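It should be emphasised that the depicted structure is a prediction, and the values quoted were computed from it without experimental measurement.
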Amino acid sequence: MATNDSQSGTALGESDNKGGTRGTTVIADTVVSTIAGIAVRETDGIHTVGGGASRAFGAVKEKVSRSNDHGRGVKVEVGEKQTAIDVDIVVEYGIPILEAARNIRTHVTDAVETMTGLEVVEINIKVLDVHVPGSDDDDDEDTESAPSKSRVQ
């Protein structure tokens, strides 16, 4: 599968009403991964998209380039008329995972097919973790040298 860093694309033929060709439209793989990534992030119950290494690299990249990588955690394979998508996610605790997966497939399919005209033939979802509210670790602090915080005041 091509990653979202791929510069390749798919040329889609366009024709006018008389059956002639007016040119081609090339849709880069990054376009499909960005659309899919945004659709996943807009789905209720999804905490983050991508694994730990992907998120860490993405955070550094976002600070340096000052832009968001909406395709992070999404891999796509784009053909002439179809696309297949792989997504890595972390869900919120308490959310039915199968329901969240169905919602992701619906949102991603609708967004990609509407915006690109490509048929989404497959969406593979890998649930990497469950996020429990209040259990966020501060990445900026060293937990061994930081004083322990009292649970009560």
Side-chain angles (χ1 to χ4, degrees), residues 1-140:
M1 292 201 143
T3 63
N4 57 357
D5 293 334
S6 173
Q7 294 298 321
S8 65
T10 299
L12 304 175
E14 297 183 52
S15 60
D16 61 15
N17 294 337
K18 299 173 187 171
T21 301
R22 291 191 177 231
T24 59
T25 301
V26 177
I27 298 176
D29 295 358
T30 55
V31 172
V32 177
S33 64
T34 297
I35 293 167
I38 292 170
V40 171
R41 286 172 177 82
E42 290 177 346
T43 304
D44 291 336
I46 305 306
H47 178 68
T48 54
V49 180
S54 170
R55 289 194 315 261
F57 177 72
V60 171
K61 185 177 174 184
E62 287 174 12
K63 286 184 181 182
V64 171
S65 67
R66 295 184 179 186
S67 66
N68 293 331
D69 181 9
H70 296 290
R72 185 177 64 234
V74 179
K75 295 178 184 165
V76 301
E77 183 177 343
V78 180
E80 289 183 24
K81 298 178 183 177
Q82 299 176 326
T83 186
I85 301 168
D86 295 334
V87 181
D88 296 341
I89 62 167
V90 176
V91 297
E92 293 286 348
Y93 176 78
I95 300 298
I97 293 173
L98 293 178
E99 182 179 320
R102 273 193 294 274
N103 291 340
I104 287 170
R105 286 186 176 97
T106 300
H107 288 121
V108 170
T109 300
D110 290 348
V112 171
E113 288 183 351
T114 299
M115 294 183 72
T116 67
L118 294 167
E119 176 188 7
V120 177
V121 294
E122 180 177 273
I123 300 175
N124 298 310
I125 300 168
K126 185 187 296 183
V127 180
L128 301 174
D129 203 357
V130 174
H131 175 258
V132 179
S135 68
D136 288 336
D137 296 331
D138 287 336
D139 293 333
D140 298 335

*In a check of side-chain contact (heavy atoms from CB on, under 4.5 Å) between I89 and each of D129, I125, L128, which one passes?*
I125
*For H47, which of V130, V132, V90 qualifies under side-chain contact (heavy atoms from CB on, under 4.5 Å)?*
V90
*Test side-chain contact (heavy atoms from CB on, under 4.5 Å) applied to V31 - qualifying residues, sequence neighbours left out*: I27, A28, I35
*All side-chain contact (heavy atoms from CB on, under 4.5 Å) counterparts of I95, not counting sequence neighbours*: E92, A100
*What residue pairs, at least two apart or across chains, pass side chain to side chain donor-acceptor pair (under 3.5 Å) with a residue in residues 93-108?*
T43-H107
Could you tell me the separation between the [atom1] atom of [X] and the [atom2] atom of [Y], rounded to the nearest 0.5 Å?
X: E122; Y: D86; atom1: CD; atom2: CG; result: 7.0 Å
X: I85; Y: E77; atom1: CD1; atom2: CD; result: 11.0 Å
X: E119; Y: E80; atom1: CD; atom2: CD; result: 13.5 Å
X: K75; Y: D88; atom1: NZ; atom2: CG; result: 6.5 Å
X: L118; Y: Q82; atom1: CG; atom2: CD; result: 9.0 Å

_Candidate pair V91 and I46, rule side-chain contact (heavy atoms from CB on, under 4.5 Å), full reasoning_ = CA-CA 5 Å; V91 297; I46 305 306; 4.1 Å; yes
_side-chain hydrogen bond (donor to acceptor under 3.5 Å, both in side chains) against T109, all qualifying residues, sequence neighbours excluded_ = none
*Quick one: side-chain hydrogen bond (donor to acceptor under 3.5 Å, both in side chains) partners of E42, sequence neighbours excluded?*
none
*Of the non-hydrogen atoms in V74 and A36, which two are nearest, and what is the gap between them?*
CG1-CB, 4.0 Å
